[in-house]
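Just so we're on the same page: letters track the sequence lines, and every chain starts at 1.
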Amino acid sequence: MKTIRVSIIGFGAVGQGVAKVILDKQEYLESIGIDFKVVAIADSRTAAIDTNGVDLAALIARKNKEGTVGTEKLTGLKIIETIDHDLVVETTPTNIVTGGVGLENMLMAFKRKRNLVTSNKGPLAMQYSELMEAADAAGSKFLFEATVGGAMPVLNLARDALAGNKITNVEGIFNGTCNYILTRMMEEHAPYEQMLAEAQELGYAETDPTYDVEGIDTVCKMVILANCIFGMNATHEDVTVTGITKITPEALLLAHNDGYVIKLIGEVNDSRINVAPKLVPIDHPLAVGGSLNVASVQTDLSGPITVTGRGAGSIETASAILSDMISIYRN
Amino acid sequence: MRVSMDIELKDIPGQLLLALRPISEFKGNLISVVHHHEKKTPRGTIPVHIVFETKPDNLNNIISNLEDSDIGIVHIDEKRYYEHGAVILIGHIVHTDIQDTIDTIDNTGYAEVVDLNLSMPKVKMSSSASLKIDALSKEHLASAIELLRGIAKKKDLLVIEPIKSELGAI
């Protein structure tokens with residue numbers, strides 16, 4: 001049995017999801033000889049630390065009841081710096097402008113030569129090459145499947161399953177909120193504002209929906225894909241972006257009459273990175289409804305490979321994180 | 001443009017070569033030749049169906065060359081455009097001179113707007129339109145959409161174009 005000491009930095013929906021899946025999958029993890037021992041968890045204000053392993057179930061309950069994970073006043077950054085452990089799971093909220101605390105956490109993890117798995121897009125979209133260089137210099141493993149498409153495997157698909165293929169284009173729906181709004185506008189023949197309100201009521205959209213509906217979230221994911229799969233050194237400034245706020249129900253209907261649906265499509269290839277509403281033929285694999293995500297990877301040997309799945313959600317995102325954690329230590 | 005042509009050849013050697021030579025001379029691109037040797041006409045000639053691509057300006061030369069060689073042309077079917085695309089426009093489409101938008105595509109010589117559906121829900125609200133564009137080739141269709149993108153930017157219209165794999169540009 002290999003014991004891996006883990007910290008979870010950020011204990012919101014995703015961080016708690018990670019704690020839950022580690023608990024739920026204990027038996028399976030034992031069967032493959034891995035013991036993820038969580039020695040520290042930090043939220044934005046407090047921390048819980050126990051070098052013998054914290055009680056995950058108790059901390060999830062405490063967080064939900066009292067709003068804090070523990071009583072210690074150590075920040076996530078200090079935990080990464082000072083507590084001895086192997087793997088940092090970074091799940092703090094994304095900050096697209098500066099990379100935020102996530103960027104500092106990641107750089108500290110590499111400075112202390114720890115491995116890192118994250119769901120935090122901001123730092124990767126802002127400072128990809130800096131992070132990669134730091135990880136390489138430290139000899140740290142650095143995986144981030146959860147940053148693109150939640151449970152849907154895209155980065156690992158391209159890197160592992162499609163190894164040997166040259167990938168010429170990736171396009172798809174990478175934001176469930178926009179997909180939900182556009183799908184519902186079509187179904188109800190209702191204006192954008194009304195369906196945004198519905199999405200907010202159901203918790204699919206944030207109070208300030210700008211990040212999703214103006215395409216910024218998709219831009220971050222495209223930058224990560226461009227850097228990770230196409231080896232570019234791109235930032236969000238290299239992406240042309242149009243959001244979905246101007247889409248009308250009439251446009252959706254006209255498109256439908258011509259055999260198309262309108263979807264917010266992110267697209268990356270050698271020559272451009274683009275996020276814009278596009279016409280997708282109704283019978284095309286990319287024409288998925290509801291809040292689903294979908295990605296079509298165009299390859300030289302296998303043609304198009306399309307994957308679809310839930311792009312967000314606590315357990316779904318945690319599933320991608322767990323898969324990265326296992327893939328670091330399985331071999 | 002793509003031309004489909006039914007011709008009749010005399011049943012003597014060298015006729016097929018004679019029929020195909022003008023297409024090659026005027027830089028046509030031969031796509032298929034079906035030689036119906038078994039279906040001889042009552043006139044004793046052999047029907048041949050040929051399909052080729054050529055520039056519209058060269059078609060008359062090819063036809064007159066064939067006629068000069070005494071090859072009977074039974075039927076010609078020209079299909080100038082054989083790529084079809086759709087785009088959606090959103091914004092103040094009519095007030096920003098829709099005629100001008102259409103003319104810009106039509107005047108290219110390689111693409112045409114062949115269908116327009118317009119939906120104008122209320123005064124001062126954005127209109128939506130679907131445009132169908134026919135073009136000579138996939139590349140020409142992509143250029144026409146590129147052109148439309150430029151016009152739309154100037155007129156503050158949103159263009160929704162087909163996904164890349166649908167445009168076949170991969």
Options A:I247, A:I265, A:D258, ranked by heavy-atom pairs under 4.5 Å with chain B, top entry: A:D258
Contact residues of residues 129-137 of chain B (partner chain A; heavy-atom separation under 4.5 angstrom): B:A129, B:S130, B:K132
Residues, nucleotides or ligands: over 12 heavy atoms within 6.0 Å of B:E38 CD: yes
More than 12 heavy atoms from other groups under 6.0 Å of CZ on A:R310: no
B:I160 side, atom CD1; A:K263 side, atom NZ - distance, nearest 0.5 Å: 12.5 Å
Chain A contact via B:L158 - side chain, backbone, both or neither, heavy atoms under 4.5 Å: side chain
Reported CD1-to-OG distance for the pair A:I262 and B:S128, which is rounded to 0.5 angstrom: 8.0 Å
A:K246, NZ atom: more than 12 neighbouring heavy atoms under 6.0 Å: no
Close side-chain approach of A:L254 to B:L118, heavy-atom, < 4.5 Å: no
Under 4.5 Å from a heavy atom of chain B, the part of A:L286 involved: side chain
Beyond-backbone contact of B:K164 with A:N269, side-chain heavy atoms, under 4.5 angstrom: yes
Residue A:A276 versus chain B: region with a heavy atom under 4.5 Å: neither
Pair A:T248, B:S126: side-chain N/O donor-acceptor within cut-off below 3.5 Å: no
More than 12 heavy atoms from other groups under 6.0 Å of OH on A:Y204: no
Sub-4.5 Å side-chain heavy-atom contact between B:I88 and A:E250: no
Straight-line distance of A:L279 CG to B:I163 CD1, nearest 0.5 Å: 9.0 Å
Exceeds 12 heavy-atom contacts within 6.0 angstrom, atom CD of A:E206: no
